[in-house]
Number of protein chains: 2
Amino acid sequence: MPNRKPPTMADIARVTGVSPMTVSRAFKGENLISPDTRNAILEAAESLGYVFDATASSLRSQKTDFVAVTIPSVNNANFADTVGGLSDTVAAHGMQILLGYTNYDVVEEERLIEQLLRRKPQAIVVTGGKHTPRARRLLENAHIPIIETWDAPGEPIGHYVGFSNANAVREMVDHLVGVGYRKIAFIGGDASRDTRGSDRRLGFIEALTNHGLDANRLISAGVPPISMREGAEAMARLLKDFPDTEAVICVSDLSAFGALTECQRRQISVPSDIAIGGFGDYEIGDICVPRLTTINVGARQIGVETGRLLLSILDGNSDASNVTIVPRLIVRETTR
Amino acid sequence: MPNRKPPTMADIARVTGVSPMTVSRAFKGENLISPDTRNAILEAAESLGYVFDATASSLRSQKTDFVAVTIPSVNNANFADTVGGLSDTVAAHGMQILLGYTNYDVVEEERLIEQLLRRKPQAIVVTGGKHTPRARRLLENAHIPIIETWDAPGEPIGHYVGFSNANAVREMVDHLVGVGYRKIAFIGGDASRDTRGSDRRLGFIEALTNHGLDANRLISAGVPPISMREGAEAMARLLKDFPDTEAVICVSDLSAFGALTECQRRQISVPSDIAIGGFGDYEIGDICVPRLTTINVGARQIGVETGRLLLSILDGNSDASNVTIVPRLIVRETTR
DNA sequence: CTGAAAGCGCTAACAA
DNA sequence: TTGTTAGCGCTTTCAG
């Protein structure tokens, strides 16, 4: 019958005839104790089925090697790419991501941040720059590096790795106007929840206004995140309410693809009858027929840069600087 | 100037004039101490900016409330749905997901499992039923509930919530043969890495053989996961190597959609010239034109059931039983 | 290169 | 309802 309790360093110490401290050193690194002792310890550990207890280590050393991360949704290729880039970058330094989903809701985000901070992460990465006052306070009081991503926040709490969603859309509007489109619409979600979506709509309105064009062709597709289906439904409404629309910008490639399918169902030709622009450069936009004009915001890059920034700060580089991502307009086949 | 060190329960105890134990009880629940004392403690905590230390709590109580989870890829809507369902289910009981990505590699999975076990999770959920011998041993020795998902493993380590990938594809083959298709192909990834993908290919071969049909139209689309683009490339190869193919089953909806776009680019009509079947019932398959015939495996349901099973086991229900998911064939427009 | 002592912040166990 | 004592398993610190 196997022992009820899992072995500890003390058990290994006893078996090997050394002190627990030596066992600890054996696990910590290569050159802290003699190679022979170390080998004996590691062998004993393996044969006892020892598993290092990160909880005890964390408590004593006050280092968890956790990085807390909040994203709006699990199921979004853009945020998944960011988390992937971040995870790969920090995992190389032995750090673990602690992930939570806000469901595009700042109240849920506050609850989540509180939960995550109890785990004593070494740093926290949040998506977006809008938080409840209490969430802001919690973050400020945590005394760990804080990185806001996917936004260039007006008042950053700590650092940020982001870009201006408004400017990105503005660039697309400028391009569309430049090639001759005048009656341009926007499909996005309800304004209140998704701040990045709102910023994109704002950029759209400002850009059209700057060109002296009407910015009243705004279709709300429901509560974020906007699905492909909601994009299709919004396109149906757009075609009904503003049948003379020449081009439409969608809040994401997913809704843009949905809008494209609606056109296909109605034998409306894209881009000759109507042009479509997306946002986010998802895989689908590069393969669908016709291929989607979109904006690449370097989702994975955001994660990688966030990881680098964070490691640099934790490394004592206190004047590590923010990263501003420059989104790239990618003109493909859904616009002329 | 603010205090350097964050406040502890001892600090709250001092301020409130009670013992640390009473403070601990105040955070634990409603009815352990008098309401007045509790309120005073919670107020003091808030004004001191206290944050509960889950690390210390975990060490002392030997309960981390972590659930470790390994999935092949961050960026896959099916696995994201599973994690979402699991996360929602266990979060209601105060548990936190600890997520890791194997990149479809059992060696990476082994490394990951070792890392995750150091955090002393209460349970571990792995995707798939194939592991390295050492990974198996680590899991068995962990003495926590183990749940294998997305597969009905031949030799389960602990519990499982899964289905037979082979049977699911078999069902689709039976349907296709039933409606008259005879020359049927399969597009999938390299056999070695993705065991679920291999099982699907196996099911394909067995089913065709059972019907007395040739099962030699096998196109390998590269290293898993197979992207939309790789699906398109595989379709191009299929059309070249086996131009008289009547129907093709793809290892996932993503590759199926890619295959569909390749047909669209070549003015090949689906399903009249060639039929396409997918796997996984991703959102895209329900909105693309024409809509994709596919198999729904209840990705989110797998997560929810896994969460329930796990909570039931942790609740002391030692004879909690495995869950076998029944995949549903969804016939839409890409097959006749 | 190795060891002894102490303690990280919390809570189990027992006592009042 | 509240308090006291001890200790979870590791590592910091200091000493050899």
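Labels below follow one simple rule: chain letters A, B, ... track the order of the sequence lines, proteins then strands, and each chain is numbered from 1. Quantities reported herein were computed from a predicted structural model and do not represent experimental measurements.
When each of dC10(D), dT2(C), dT2(D) is scored by its nearest atom to the side-chain atoms of F52(A), the top-ranked nucleotide is dC10(D).
Within the 4.0 Å cut-off from OP1 or OP2 of dT11(C), not a single side-chain nitrogen or oxygen of S61(B) is found. For dC1(C), neither phosphate oxygen OP1 nor OP2 lies less than 4.0 angstrom from any side-chain nitrogen or oxygen of K28(A). Proximity of Q62(A) to the phosphate of dG9(C): a side-chain N or O atom is located under 4.0 Å from OP1 or OP2. Neither OP1 nor OP2 of dC8(C) sits under 4.0 Å from any side-chain N or O of T55(B). S19(A) has no side-chain polar atom (N or O) that falls below the 4.0 Å cut-off from OP1 or OP2 of dT2(C). The side chain of T22(A) contributes an N or O atom lying less than 4.0 Å from OP1 or OP2 of dG3(C). Residue Y50(A) has no polar side-chain atom (N or O) positioned under 4.0 Å from OP1 or OP2 of dG9(D). OP1 and OP2 of dC10(C) both lie 4.0 Å or more from every side-chain N or O belonging to S57(B).
Residue L32(B) contributes atom CG, which lies 12 Å from atom C1' of dT2(D) at whole-angstrom precision. dC8(D) atom P lies 22 Å from atom CZ of R119(B), rounded to whole Å. To the nearest angstrom, P of dC10(D) lies 15 Å from CZ of R25(A). Across the protein-nucleic acid pair, M9(A) atom CE and dG3(C) atom C1' stand 15 Å apart, rounded to whole Å. Put simply, CD on E30(B) is 16 Å from C1' on dT1(D), counting in whole angstrom units. In this entry the distance linking NZ of K63(B) with P of dC10(C) reads 16 Å, nearest Å. If you measure from atom CG of L59(A) to atom P of dG7(D), you get 16 Å, rounded to the nearest angstrom. Across the protein-nucleic acid pair, D36(B) atom CG and dT1(D) atom P stand 12 Å apart, rounded to whole Å.
I33(A) comes within 4.0 angstrom of the backbone, heavy atoms only, and of no base. Using a 4.0 Å heavy-atom distance criterion, M21(B) is classed as a base contact. Within the nucleic acid shown, T37(A) comes within 4.0 Å of sugar-phosphate atoms alone, with no base atom in reach, counting heavy atoms only.
There is a side-chain donor-acceptor pair under 3.5 Å between T37(A) and S34(A). Inspection of the E109(A) and H131(A) side chains reveals an N or O donor paired with an N or O acceptor under 3.5 Å. For the residue pair S58(A) / T55(A), no side-chain donor-acceptor distance below 3.5 Å is found, with atom types taken as modelled.
At a threshold of 4.5 Å between non-hydrogen side-chain atoms, the residues R308(A) and T89(A) count as touching.
For the pair R193(B) and Y104(B), the NZ or CZ position fails the cation-pi test of under 6.0 Å to the six-membered ring centre and within 45 degrees of the ring normal.
Positionally, the nearest nucleotide of DNA chain D for G17(B) lies more toward the 5' end than for the other of D53(A) and G17(B). When each of V18(A) and P20(B) is assigned the nucleotide of DNA chain C with its nearest heavy atom, V18(A) is the one assigned upstream, toward the 5' end.
The aromatic rings of F79(A) and W150(A) lie perpendicular to each other, with more than 60° between the two planes, well past the 30° mark.
Contact annotation: side chain of R60(B) to base of dG9(D), donor-acceptor pair absent below 3.5 Å.
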